[in-house]
Amino acid sequence: MGITPLEAALSGVCTVVPDTDKVEARRFFPVAHRFLPSSDGLADAIEVMYADPSGVRQLGKEPRESIAADISEENFERDTLSAWTHFSRVARQTGR
């Protein structure tokens, strides 16, 4: 799935992700937007969201607000520079 769930959620699209360590994006999603990684788990999550009286549009706001705090251009730039600094330091220490 890559970054697609994050992009969808940041766009306000009601998004669910499997609740498994194999999906890194899941750590950014509220618990209510995660499902057991099985076809039954996905079906259950869709049923719950479909039945929610607030509607799918409103359900798209919760993950967007949750994710926006952690995912931003500013955070991306900071983390990229931090990683580059770390890799440069390691490369200099190993003489590569």
Side-chain angles (χ1 to χ4, degrees):
M1 285 197 285
I3 197 159
T4 304
L6 294 175
E7 291 173 334
L10 284 171
S11 297
V13 174
C14 182
T15 309
V16 294
V17 294
D19 194 4
T20 173
D21 291 340
K22 294 178 181 178
V23 177
E24 177 67 18
R26 82 136 178 52
R27 68 186 180 95
F28 296 103
F29 281 78
V31 173
H33 289 262
R34 301 180 199 169
F35 64 90
L36 294 175
S38 68
S39 55
D40 287 339
L42 176 58
D44 291 344
I46 292 170
E47 285 179 12
V48 166
M49 294 202 167
Y50 181 75
D52 192 304
S54 64
V56 175
R57 185 179 306 249
Q58 182 62 30
L59 290 171
K61 289 183 180 179
E62 183 182 353
R64 181 180 62 211
E65 292 168 359
S66 173
I67 291 168
D70 294 318
I71 307 289
S72 68
E73 186 174 340
E74 180 182 315
N75 287 348
F76 175 79
E77 289 174 2
R78 184 197 64 232
D79 292 347
T80 300
L81 289 173
S82 176
W84 188 262
T85 300
H86 170 75
F87 295 140
S88 295
R89 234 181 263 134
V90 170
R92 275 188 246 124
Q93 290 172 353
T94 60
R96 293 182 182 181

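Any value given below was found using the heavy atoms of this structure, including those in side chains, with hydrogens, waters and symmetry copies removed.
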Is atom CG of L36 surrounded by more than 12 heavy atoms (other residues, nucleotides or ligands) closer than 6.0 Å?
no
What about V13 and F28, same hydrophobic cluster or not, with Ile/Leu/Val/Met/Phe/Trp/Tyr joined at side-chain heavy-atom distances under 4.5 Å?
no
Tabulate below the donor-acceptor pairs under 3.5 Å that side-chain atoms of residues 80-91 make, not counting sequence neighbours, or state none.
from: T80; atom 1: OG1; to: F76; atom 2: O; distance (Å): 2.8
from: T85; atom 1: OG1; to: L81; atom 2: O; distance (Å): 2.8
from: S88; atom 1: OG; to: W84; atom 2: O; distance (Å): 2.9

How close do L59 and P63 get, heavy atom to heavy atom, and via which atoms?
O-CD, 3.0 Å
When you compare the side chain of R64 with that of K61, does any pair of heavy atoms fall below 4.5 Å?
yes
Working to the nearest 0.5 angstrom, can you tell me the gap between I67 CD1 and E7 CD?
11.0 Å
Salt-bridge test for R26 and D21: reply yes if a basic N is under 4.0 Å from a carboxylate O, no otherwise.
yes
If you take all heavy atoms of M49 and A32, which pair is closest and at what distance?
CE-O, 3.5 Å
Residues that D79 engages under salt bridge (Lys or Arg N to Asp or Glu O under 4.0 Å), provided they are two or more places apart:
none
Do T15 and F29 have side chains that approach each other closer than 4.5 Å (heavy atoms only, starting at C-beta)?
yes
Minimum heavy-atom separation for A45 to F35, with atom names?
CB-CB, 3.7 Å
Do we see a donor-acceptor contact under 3.5 Å between the side chains of D40 and S38?
no
